Amino acid sequence: MLDSIIQLDKSKCKACYSCIRACPVKAIQVRKNSVFPYIEETKCILCGTCIGTCAYGAISYLDAKKDVKQLLNSEEKVVAICAPSIAGEFSDITDYRKFVKMIRLLGFSYVMEMAFGVDIIAEKYRKLTHDDFNGKYYLTSCCPSIVTLIEKLYPELTGNLVPYVSPIGASAIVARKMYGDNLKVVHITPCIAAKREVDRYTGLSKINGVLTFKELRELFEEFKINETFSEYSDFDEPLGYKGSMYPIAQGFLEATSLDIGLLQENTITATGKSAVDAVKQFLEHDKTIRHNFNLFYCDGCIMGPGTSSEGEKYLRYALVKDYISRRLANFDVATWKQNLDLHSHYKELTARFVNKKYELPAPSEFELKIALNHITLRNNNKEVNCGACGFETCRGLAKAIAQNTAIPEMCVTNAQIGNREISHTSKRATEELEMAKNELKSTKASLEETRELLYAKNEALSIFIRGLHSGIVFCDENLKIVESNLAFIELLGEDVKDIHDVIPYLIGADLKTLLPPSLITQFQFILNHDETQINKDVEIDQKLVNVSIFQLIQKKLVGAVFRNLHSKEERPEEIIHRVTDVIEENLRQVQQIGFILGEGAAKTEKMLNSIIKSYE
């Protein structure tokens with residue numbers, strides 16, 4: 001069995017879901033907790049619609065060039081059977097006979113046109129629906145995508161498929177009858193679904209390989225084969241007649257020679273997605289419609305997915321008609337009739353079709369309701385049924401979600417509302433962000449102004465401190481000096497002055513290396529406690545110094561004032577300060593003594609008065 005005919009490359013996929021919306025049978029699905037689609041082969045009809053829809057080139061079909069080259073390099077004889085739509089694709093080749101020669105140059109032993117196989121099936125169809133009509137209506141089995149559609153989605157109609165092989169199967173039978181049973185058959189076609197016919201047919205109708213028109217072009221380029229260096233060569237016998245009209249959907253009915261006038265015809269032709277709908281209506285309204293259907297998924301074979309993407313439908317239509325006219329201008333109808341009579345009675349022409357239907361269990365009403373709520377919640381639970389998701393109704397999408405073959409994000413209406421909400425939220429967030437940025441800008445300007453002001457104040461404070469006669473030092477929680485003055489440095493001695501020459505004002509120096517440990521302990525105490533001040537005399541560098549330590553910011557900043565009691569500037573002030581303290585202390589003691597004496601005199605007077613009264 002062949003590998004997957006249609007393949008999806010997730011590395012290129014952008015999860016736009018255009019392929020899902022385009023697929024006529026919903027064979028492209030998305031599972032829960034995933035964003036990337038996958039191809040469910042049990043439902044795929046190989047129509048190739050998704051390939052032309054994908055703008056990112058993430059979907060492609062199985063390349064058969066390697067397998068065909070292996071056949072051509074083998075010792076077996078190989079025949080190329082070309083679909084009649086070659087004229088619409090290879091408009092750059094001026095004469096079809098040169099085109100035939102170019103194919104032979106690839107290594108093919110024979111080159112035939114599929115038109116004769118079409119003629120055989122058309123004759124079979126005419127007899128089935130007209131000459132031997134018994135009240136049963138049929139669906140043509142020429143298009144592989146339509147046959148696959150019926151087998152997988154409407155298997156109850158397999159009995160209504162025309163019970164014959166497709167035109168390529170008929171052509172393969174004829175080729176082997178003429179050129180040997182061991183002949184290998186390569187079909188050259190605009191159809192991707194034809195690649196699956198490699199598995200469908202066996203025996204004389206076996207197809208060994210399928211090349212699309214695009215793949216054939218690539219082989220011509222690979223082997224540098226072009227019209228300029230090619231001679232004329234015609235197709236091998238037997239030649240087709242009106243079967244050459246097959247690329248145009250109505251052309252198959254032309255080949256049957258049935259009356260296709262509006263009032264007389266008994267077969268309706270439908271193409272594209274209309275053909276899918278035609279099958280459904282044939283099943284539902286067979287007693288009313290009472291017509292056969294000639295069905296092709298593509299707009300005839302001139303626009304198959306295996307053709308060049310830049311092709312234009314009506315230009316190809318005109319090119320095919322012109323090709324048919326030239327081919328049939330001097331056609332030998334008598335020889336054709338003899339060949340048709342000879343080859344149209346093979347028992348191998350009959351075919352059977354099988355039921356390939358696969359259905360997931362239907363979800364419960366509760367599961368359906370939950371899934372439906374996911375896609376309608378943002379729209380006040382209204383079912384829009386816009387079809388933009390690729391499903392006809394919201395309930396159709398909800399069913400797929402419940403069956404884990406779709407996700408709520410596929411709902412375009414839901415996504416649009418969500419996008420508008422996101423856009424509105426984003427706009428509001430942007431406005432708030434802009435306001436915050438403006439406030440931040442204003443705050444930044446204010447902070448910059450404050451910083452400049454603090455810097456100016458710090459500079460002024462430094463100048464003021466450094467001009468004082470008393471030694472001043474400020475340090476941080478690690479007892480690193482943040483400010484000091486020359487008076488403080490001079491108190492510490494000559495060694496510290498040398499340090500000052502290298503580190504001005506000792507900024508950043510460790511106070512613990514400059515002062516006695518007992519004094520450092522006082523600094524640490526003040527820094528970490530609520531005490532506001534410690535005043536004590538210490539000896540530093542053989543000088544008696546009075547130190548006042550005070551807290552500026554608890555656990556962050558501490559300062560101290562150092563007064564050299566041997567200094568002429570400091571001594572009078574300190575003497576006055578200390579005399580004042582002594583006087584205040586003596587006054588407090590005198591007051592206490594006076595209070596005590598006064599209280600004692602009062603008690604003595606009271607006792608004497610008591611004695612006098614007792615004597616009286």
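Note that these values count all heavy atoms, side chains included, but never hydrogens, waters or copies made by symmetry. Here the structure is a predicted model, which means the values were calculated and not measured. In this chain, numbering begins with 1 at the start of the sequence shown.
Ring centers of Tyr246 and Phe296: under 6.0 Å apart, within the cut-off.
Under the 4.5 Å side-chain criterion, counting only non-hydrogen atoms from C-beta, Pro408 is in contact with Ile401. For the pair Gln29/Tyr38, a side-chain contact is recorded, criterion being any heavy-atom separation below 4.5 Å from C-beta on. Arg97 is not listed as a side-chain neighbour of Lys101, based on a closest heavy-atom distance of 4.5 Å or more. Under the 4.5 Å side-chain criterion, counting only non-hydrogen atoms from C-beta, Asp9 is not in contact with Gln7.
A distance of 4.0 Å separates CG in Leu253 from CG in Asn294, rounded to the nearest 0.5 Å. If you take CD1 on Ile173 and OG on Ser344, they are separated by 11.5 Å, rounding to the nearest 0.5 Å. To the nearest 0.5 Å, atom CD1 of residue Ile324 and atom CG of residue Leu319 are 11.0 Å apart. Taking CZ of Arg21 as the start and CD1 of Ile28 as the end, the distance is 11.0 Å to the nearest 0.5 Å. Remark: Arg327 CZ to Asp234 CG distance equals 6.5 Å, nearest 0.5 Å. Note that OG1 of Thr256 is 8.0 Å distant from CD of Glu254, once rounded to the nearest 0.5 Å.
A salt bridge links Arg326 to Asp322: at least one charged side-chain nitrogen sits closer than 4.0 Å to a carboxylate oxygen. Under 4.0 Å is where a charged nitrogen must lie from a carboxylate oxygen, and between Asp199 and Arg196 at least one such pair does. One finds a salt bridge joining Arg217 and Asp92 here, because a Lys/Arg side-chain nitrogen approaches an Asp/Glu carboxylate oxygen to under 4.0 Å. Using a cut-off of 4.0 Å between Lys/Arg side-chain N and Asp/Glu carboxylate O, Lys65 and Glu222 are scored as not salt-bridged.
Residues forming a side chain to side chain donor-acceptor pair (under 3.5 Å) with Asp236 (at least two apart in sequence, or on another chain): Arg104. Taking Arg200 as the reference, Glu151 meet the side chain to side chain donor-acceptor pair (under 3.5 Å) condition, with sequence neighbours excluded. Not counting sequence neighbours, the partners of Ile248 by the side-chain contact (heavy atoms from CB on, under 4.5 Å) test are Tyr317, Val320, Lys321. For Tyr346, the ring pair (Phe, Tyr, Trp, His ring centres under 6.0 Å) test picks out His343, with sequence neighbours left out. By the salt bridge (charged side-chain N to carboxylate O under 4.0 Å, His left out) test, Asp132 pairs with no residue at all, sequence neighbours left out. The side chain to side chain donor-acceptor pair (under 3.5 Å) check on Ser274 picks up nothing, with sequence neighbours excluded. Every residue two or more places apart in sequence or in another chain that forms a side-chain contact (heavy atoms from CB on, under 4.5 Å) with Leu157 is listed here: Leu139, Ile150, Tyr154, Asn160, Val279, Phe282, Leu283. Qualifying side chain to side chain donor-acceptor pair (under 3.5 Å) partners for Tyr125, counting only residues two or more places apart in sequence or in other chains: Thr267.
Surrounding NZ of Lys399 are at most 12 heavy atoms belonging to other residues, nucleotides or ligands under 6.0 Å away. Within a 6.0 Å radius of CG in Asn134, other residues, nucleotides and ligands contribute more than 12 heavy atoms. The environment of NE2 in His291 is crowded: more than 12 heavy-atom neighbours from other residues, nucleotides or ligands sit within 6.0 Å. Within 6.0 Å of NZ on Lys273 lie more than 12 heavy atoms contributed by other residues, nucleotides or ligands. Environment of CD in Glu237: crowded, with over 12 heavy atoms of neighbouring residues, nucleotides or ligands closer than 6.0 Å. Within 6.0 Å of atom CD in Glu359, 12 or fewer heavy atoms from other residues, nucleotides or ligands are found, so the atom counts as exposed in its surroundings.
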Show which side-chain atoms of residues 303-312 pair as donor or acceptor with protein atoms under 3.5 Å away, not counting sequence neighbours.
residue : atom : partner : partner atom : Å
Thr307  : OG1  : Gly304  : O            : 2.7
Thr307  : OG1  : Arg316  : NH1          : 3.0
Ser308  : OG   : Glu89   : OE2          : 2.5

Side chains of residues 42-55: which donor-acceptor partners sit under 3.5 Å, not counting sequence neighbours?
residue : atom : partner : partner atom : Å
Thr42   : OG1  : Glu40   : OE2          : 2.8
Lys43   : NZ   : Val25   : O            : 3.3
Thr49   : OG1  : Tyr297  : OH           : 3.0
Thr53   : OG1  : Thr49   : O            : 2.9

Distance-only donor-acceptor hits, side chain of residues 73-86, under 3.5 Å, sequence neighbours excluded:
residue : atom : partner : partner atom : Å
Asn73   : ND2  : Lys69   : O            : 3.1
Ser74   : OG   : Leu71   : O            : 2.5
Ser74   : OG   : Glu76   : N            : 3.4

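A side-chain donor from one of Gln250 and Thr269 sits under 3.5 Å from a side-chain acceptor of the other. If you check the side chains of Thr212 and Glu215, you find a donor sitting under 3.5 Å from an acceptor.
A donor-acceptor pair is defined here as one N or O able to donate and one able to accept, closer than 3.5 Å; no such pair exists between the side chain of Lys206 and the backbone of Val185. Without hydrogens or angle criteria, Asp119 side chain to Gly240 main chain gives no donor-acceptor distance under 3.5 Å. Side chain of Asn404 to main chain of Arg31: no donor-acceptor pair is present (N/O by atom type, distance under 3.5 Å, no hydrogens or angles). In this structure, the side chain of Lys242 does not engage the main chain of Val118 through any donor-acceptor pair within 3.5 Å. In this structure a side-chain-to-backbone donor-acceptor pair under 3.5 Å is present from Ser244 to Tyr241. Judged by distance alone, with hydrogens and angles left aside, the side-chain atoms of Thr405 form a donor-acceptor pair with the main-chain N or O of Ala400 at under 3.5 Å. Side chain of Thr140 to backbone of Cys142: no donor-acceptor contact under 3.5 angstrom is found.
Screening residues 55-107 for ring-ring contact (aromatic ring centres under 6.0 Å, His included), with sequence neighbours left out, gives Phe90-Phe99, Phe90-Phe213, Tyr96-Phe235, Tyr96-Tyr323.
Considering all non-hydrogen atoms of both residues, Pro155 and Leu153 come closest at CD-C, 3.3 Å.
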Salt bridge (Lys or Arg N to Asp or Glu O under 4.0 Å) evaluation trace for Asp341 with Lys337: CA-CA 6 Å; Asp341 290 340; Lys337 186 72 170 65; 3.1 Å; yes

